[in-house]
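Let me begin by presenting the structure, written as structure tokens, before commenting on it.
Throughout, residue positions are numbered sequentially from 1 according to the sequence presented.
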Amino acid sequence: MGIRLSVLDTSPIVQGSTPREALRNTADLAELAEQLGFHRYWVPEHHGMHGVASSAPAVLTGHLAAVTSKMRIGAGGVLLPNHPPLVVAEQFGTLAALHPGRIDLGVGRAPGGPPHVVTALRRSSAPYREQLEELLALLDPRNTIAVPVRGGNVPEVWLLGSSPGTAELAAALNIPFAFARHLSPDQTCRADLVSVSVIAADDDERAEWLAGPIRTKVRSRREGNRILLPSPEDAAAHLGPDDGRVLTGGPETITRKLQAVIDETGTEELMITSPIHHHADRRRSYELVAAIAGGLSSTAPSGAAEP
């Protein structure tokens, strides 16, 4: 069975760039991903993070759906405690009406920002499962409240998480589960979709060079110093250790590493996020990953994977 490839894009604001440039790069990468045959393109919800321009996934999803024509587009994800379920249902019902059969709604529970920002968000204190069940009820086309959903304008709902507990909740609610392996590489969950951080280049040496910035940024964050993703040249003098979060290598090495993730998780879909400074190098990384897709395979049975 072949493997689907998808994209997770935070719209990174790297050293020397701006939010406007980051969002333009996201639109450019979405157009490239569609040309390369990627299945879906998700943008996350983050708040108050200087290196992330993706703060409003519903707005960005609408823009990306407008500049593409076939690929599924959506949120990876909306952090439900930050929003009334009705507002989420209305937003994504509207998107589904405007772009039939193409909109995904990934849902998570993380805060999405530092403590002072979380306070400003005024997060709901309702139990997460209760919020999910309310959202699912509102996304029923028979509902009389979320008007845009009527007539079948319903996004495909996914539950996002990085632990077996979330996988179990997804199974209980009969929702496909997307496992954030790029956040928890030491966890092992069987999942319908697995997100993984990848830096691919024409050879292993070049990939290691391109990985210098994210390793430097991770080390700086652990030391209490938050920085924008530096260039490979600037990172070379302050290189952090490899913590295993990012898979790096040329085509042959990346094929082997991605196949290992597939075998471990039983997934039928890999969602690739690539923390690379230069946009041209990021584009090249996705081109290389698309080129090796035919060499990846899953033995997972059809239907949802078990947690």
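- Nearest approach of Phe177 to Ser163, heavy atoms of both residues: CZ-O, 4.0 Å.
- With hydrogens and angles left out, the side-chain atoms of Trp42 and Asp9 include no donor and acceptor closer than 3.5 Å.
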Trace of the side chain to side chain contact (heavy atoms under 4.5 Å, CB included) decision for His279 with Arg283: CA-CA 6 Å; His279 187 58; Arg283 284 175 56 98; 3.8 Å; yes
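- With hydrophobic clusters built from ILVMFWY side chains whose heavy atoms lie under 4.5 angstrom apart, Leu60 shares a cluster with Ile73.
- Judged purely by distance below 3.5 Å, without hydrogens or angles, the side chains of Glu208 and Thr248 pair a donor atom with an acceptor atom.
- Looking at every heavy atom in both residues, Leu247 comes nearest to Ile254 through O-CD1, 3.7 Å.
- Side-chain atoms of Arg190 and Glu264, non-hydrogen and from C-beta on, never get closer than 4.5 Å to each other.
- Salt-bridge check for Arg40 with Glu269: passed, with a basic side-chain N closer than 4.0 Å to an acidic carboxylate O.
- For Arg109 (side chain) and Leu80 (main-chain N/O), no donor-acceptor pair under 3.5 Å exists by modelled atom type.
- No side-chain heavy atom of Ile13 sits less than 4.5 Å from a side-chain heavy atom of Val52.
- Residue Ser197 comes nearest to His182 through the heavy atom pair N-CB, 3.7 Å, listed as atom of the first residue, atom of the second, then distance.
- Remark: the backbone N or O of Ala280 is not paired with any side-chain donor or acceptor of Arg282 at under 3.5 angstrom.
- Look at Arg72 and Glu34 and you find no salt bridge, because none of the NZ, NE, NH1 or NH2 atoms lies under 4.0 Å from a carboxylate O.
- The line from OH of Tyr41 to OG1 of Thr61 is 11.0 Å long, rounded to the nearest 0.5 Å.
- The shortest heavy-atom contact between Met49 and Gly112 is CE-O, 3.9 Å.
- Ile103 is not connected to Val87 by any chain of hydrophobic side-chain contacts under 4.5 Å among Ile, Leu, Val, Met, Phe, Trp and Tyr, and they are in different clusters.
- Of all heavy-atom pairs spanning Met71 and Ala30, the tightest one is CE-O, 3.3 Å.
- Between Ala33 and Val7, the shortest heavy-atom contact is CB-CG2, 4.0 Å.
- Atom CD1 of Ile3 sits about 4.5 Å away from atom OG of Ser298, to the nearest 0.5 Å.
- Looking at heavy atoms from C-beta onward, Leu135 lies in side-chain contact with Leu105 at the 4.5 angstrom threshold.
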Side chain to side chain contact (heavy atoms under 4.5 Å, CB included) assessment of Leu5 paired with Tyr286: CA-CA 10 Å; Leu5 292 178; Tyr286 281 103; over 6 Å; no
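- Heavy atoms from other residues, nucleotides or ligands lying under 6.0 Å from CZ of Arg226 number 12 at most.
- Put simply, Val149 and Leu138 are part of two different groups of oily side chains (I, L, V, M, F, W, Y) that touch within less than 4.5 Å, one to the next.
- Within 6.0 Å of the CZ atom in Arg123, the count of heavy atoms belonging to other residues, nucleotides or ligands exceeds 12.
- Taking hydrophobic clusters as Ile, Leu, Val, Met, Phe, Trp and Tyr residues chained together by side-chain heavy-atom distances below 4.5 Å, Leu193 does not share a cluster with Val261.
- In summary, the side chains of Thr68 and Arg102 do present a donor paired with an acceptor at a separation below 3.5 Å, with no hydrogens or angles considered.
- Between the CG atom in Leu173 and the CG atom in Leu169 there is a gap of 4.5 Å [rounded to 0.5 Å].
- When side chains are defined from C-beta on, Thr18 does not count as touching Arg24, because their heavy atoms never get closer than 4.5 Å.
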Steps toward side chain to side chain contact (heavy atoms under 4.5 Å, CB included) verdict (Val289, Val198): CA-CA 9 Å; Val289 171; Val198 174; 4.0 Å; yes
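- Formation of a donor-acceptor pair under 3.5 Å by the Thr253 side chain with backbone atoms of Asp204 is not found in this model.
- Of the charged side-chain nitrogens involved, none lies within less than 4.0 Å of a carboxylate oxygen, so that Arg150 and Asp140 do not count as a salt-bridged pair.
- Using a 4.5 Å cut-off between side-chain heavy atoms of Ile, Leu, Val, Met, Phe, Trp and Tyr, with links allowed through other members, Phe92 and Ile175 fall into the same hydrophobic cluster.
- Looking only at atom types and distance, the side chain of Ser55 has no donor-acceptor partner in the side chain of His47 under 3.5 Å away.
- Asn225 and Ser220 share no side-chain donor-acceptor pair at under 3.5 Å.
- Put simply, the side chain of Ser285 never gets that close to the backbone of Asp281: no donor and acceptor are under 3.5 Å apart.
- Atom CD of Glu130 and atom OG of Ser124 lie 8.0 Å apart (nearest 0.5 Å).
- Here CZ of Arg222 is found 13.5 Å from NZ of Lys217. Values are rounded to the nearest 0.5 Å.
- In this structure, CZ on Arg215 lies 13.0 Å from CZ on Arg245, to the nearest 0.5 angstrom.
- Looking only at atom types and distance, the side chain of Thr26 has a donor-acceptor partner in the side chain of Ser11 under 3.5 Å away.
- The pair Glu252-Arg256 does not count as a salt bridge, with every side-chain nitrogen at least 4.0 angstrom from each carboxylate oxygen.
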Check against side chain to side chain contact (heavy atoms under 4.5 Å, CB included), Gln259 and Ser297: CA-CA 7 Å; Gln259 187 61 55; Ser297 61; 4.1 Å; yes
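- A donor-acceptor pair under 3.5 Å links the side-chain atoms of Asn153 to the main chain of Pro148, judged by distance alone.
- Atom CD of Glu287 has more than 12 heavy atoms from other residues, nucleotides or ligands within 6.0 Å.
- A heavy-atom distance below 4.5 Å is found between the side chains of Leu64 and Val43.
- Remark: the backbone N or O of Leu8 is paired with a side-chain donor or acceptor of Thr273 at under 3.5 angstrom.
- Two residues are said to be in side-chain contact when any heavy atoms from C-beta on lie closer than 4.5 Å; Pro232 and Leu210 meet this criterion.
- Of the N and O atoms on the side chains of His277 and Glu233, not one donor lies less than 3.5 Å from an acceptor on the other residue.
- With a 4.5 Å cut-off on side-chain heavy atoms, His83 and Val78 count as touching.
- At a threshold of 4.5 Å between non-hydrogen side-chain atoms, the residues Arg4 and Leu270 do not count as touching.
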